[in-house]
Amino acid sequence: MKAAIAWPIVAIAMLGGVDATHATDVKDQVKIEIESTEVHQGMEPGMYVCAAGHLHIKGTVHNLAGVPVGPVKVAGKVFDADGKLLGTATASTKRSVLNPNDKAEVNLEFLTVTGPLIKQVKNQDLAVVAVESKP
């Protein structure tokens, strides 16, 4: 009975289950941090407003995995002081491949966070949401 149960599990692993697990592991090994080098008056480090009036957050992704990856997709959310969601954004690295220990810039543009909403932003949450392993 045990052999009958083990066989489908081995077959699933051979047909792609291992790759899905590996992809999850790689995603967990790519970290994002907000840029702290640029400071715009009245804004948190890494935040700025573009000419179109949209809030941006610049960050850097760092490939801590032992394999090349890319591109890396990042999602962001911004909140007011009460925790109310003000806007969301996604962006991907422009570099198609990040080798182990490489870093790449990512720029999230919050199209719905403009005008008075920008000053209400008090917190943000950025997360790596997708990473492709490169051969």
Side-chain angles (χ1 to χ4, degrees):
M1 184 71 172
K2 288 183 182 178
I5 294 171
W7 172 244
I9 293 171
V10 171
I12 290 169
M14 291 174 64
L15 293 174
V18 171
D19 289 340
T21 301
H22 180 68
T24 301
D25 293 342
V26 171
K27 184 181 83 146
D28 293 340
Q29 294 179 40
V30 177
K31 303 299 177 193
I32 176 115
E33 54 189 48
I34 295 173
E35 290 283 325
S36 60
T37 54
E38 289 186 47
V39 178
H40 296 269
Q41 187 173 1
M43 303 192 85
E44 294 291 320
M47 293 185 177
Y48 70 95
V49 178
C50 69
H54 306 135
L55 176 71
H56 286 250
I57 298 179
K58 286 177 68 173
T60 302
V61 294
H62 186 185
N63 179 9
L64 299 173
V67 296
V69 300
V72 176
K73 185 175 181 180
V74 176
K77 298 177 183 178
V78 291
F79 305 91
D80 68 9
D82 296 326
K84 178 184 171 194
L85 180 66
L86 298 175
T88 62
T90 60
S92 295
T93 55
K94 291 181 182 177
R95 290 181 49 195
S96 59
V97 176
L98 275 75
N99 289 311
N101 293 314
D102 277 358
K103 293 182 179 183
E105 184 179 290
V106 66
N107 189 336
L108 289 100
E109 181 175 16
F110 294 83
L111 297 174
T112 60
V113 182
T114 61
L117 280 180
I118 293 170
K119 291 187 186 241
Q120 293 180 32
V121 173
K122 300 299 179 199
N123 296 302
Q124 69 278 331
D125 180 31
L126 303 181
V128 173
V129 294
V131 177
E132 292 181 34
S133 295
K134 295 293 182 179

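Worth saying up front: this structure is predicted, and the values here are computed from it rather than measured.
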Problem set entry | NZ (K94) with more than 12 external heavy atoms under 6.0 Å | no
Problem set entry | NZ-OG1 distance between K103 and T60, expressed to the nearest 0.5 angstrom | 7.0 Å
Problem set entry | K77 side, atom NZ; L126 side, atom CG - distance, nearest 0.5 Å | 11.0 Å
Exercise. Do L86 and F79 sit in the same hydrophobic cluster, where Ile, Leu, Val, Met, Phe, Trp and Tyr count as joined when their side-chain heavy atoms come under 4.5 Å apart?
Worked result: no
For this session: Assess whether side chain to side chain contact (heavy atoms under 4.5 Å, CB included) is satisfied between L55 and V78, documenting all intermediate values.
Result: CA-CA 10 Å; L55 176 71; V78 291; 4.1 Å; yes
Considering all heavy atoms, the nearest [X]-[Y] contact:
{"X": "T93", "Y": "A104", "value": "CG2-CB, 3.9 Å"}
{"X": "E109", "Y": "C50", "value": "OE2-SG, 3.9 Å"}
{"X": "N107", "Y": "A91", "value": "O-CB, 3.3 Å"}

For this session: Sequence neighbours left out, what passes salt bridge (Lys or Arg N to Asp or Glu O under 4.0 Å) with D102? Give chain and number order.
Result: R95
For this session: Report yes if the side chains of I57 and E44 come closer than 4.5 Å at any heavy-atom pair, otherwise no.
Result: no
For this session: Answer yes or no: is there a side-chain heavy-atom contact under 4.5 Å between Q120 and K84?
Result: no
Just distance, no hydrogens or angles: give the donor-acceptor pairs under 3.5 Å from side chains in residues 63-74, sequence neighbours left out.
unit_1 : atom_1 : unit_2 : atom_2 : d
N63    : OD1    : A65    : N      : 2.9
N63    : ND2    : V67    : O      : 3.0
N63    : ND2    : L98    : O      : 2.9
N63    : ND2    : N99    : O      : 3.3

Exercise. For T90 and V129, what are the C-alpha separation, side-chain angles and deciding distance, and is it a side chain to side chain contact (heavy atoms under 4.5 Å, CB included)?
Worked result: CA-CA 9 Å; T90 60; V129 294; 5.6 Å; no
Problem set entry | V49/M43 under side chain to side chain contact (heavy atoms under 4.5 Å, CB included): CA gap, chis, key distance, verdict | CA-CA 9 Å; V49 178; M43 303 192 85; 4.0 Å; yes
For this session: Without swapping roles, check the side chain of K31 against the backbone of D28 for a donor-acceptor pair under 3.5 Å.
Result: yes
Exercise. Out of L108, T112, T114, which one pairs with F110 under the side chain to side chain contact (heavy atoms under 4.5 Å, CB included) rule?
Worked result: L108
Problem set entry | Test side chain to side chain contact (heavy atoms under 4.5 Å, CB included) applied to Q124 and M47, step by step | CA-CA 10 Å; Q124 69 278 331; M47 293 185 177; 2.9 Å; yes
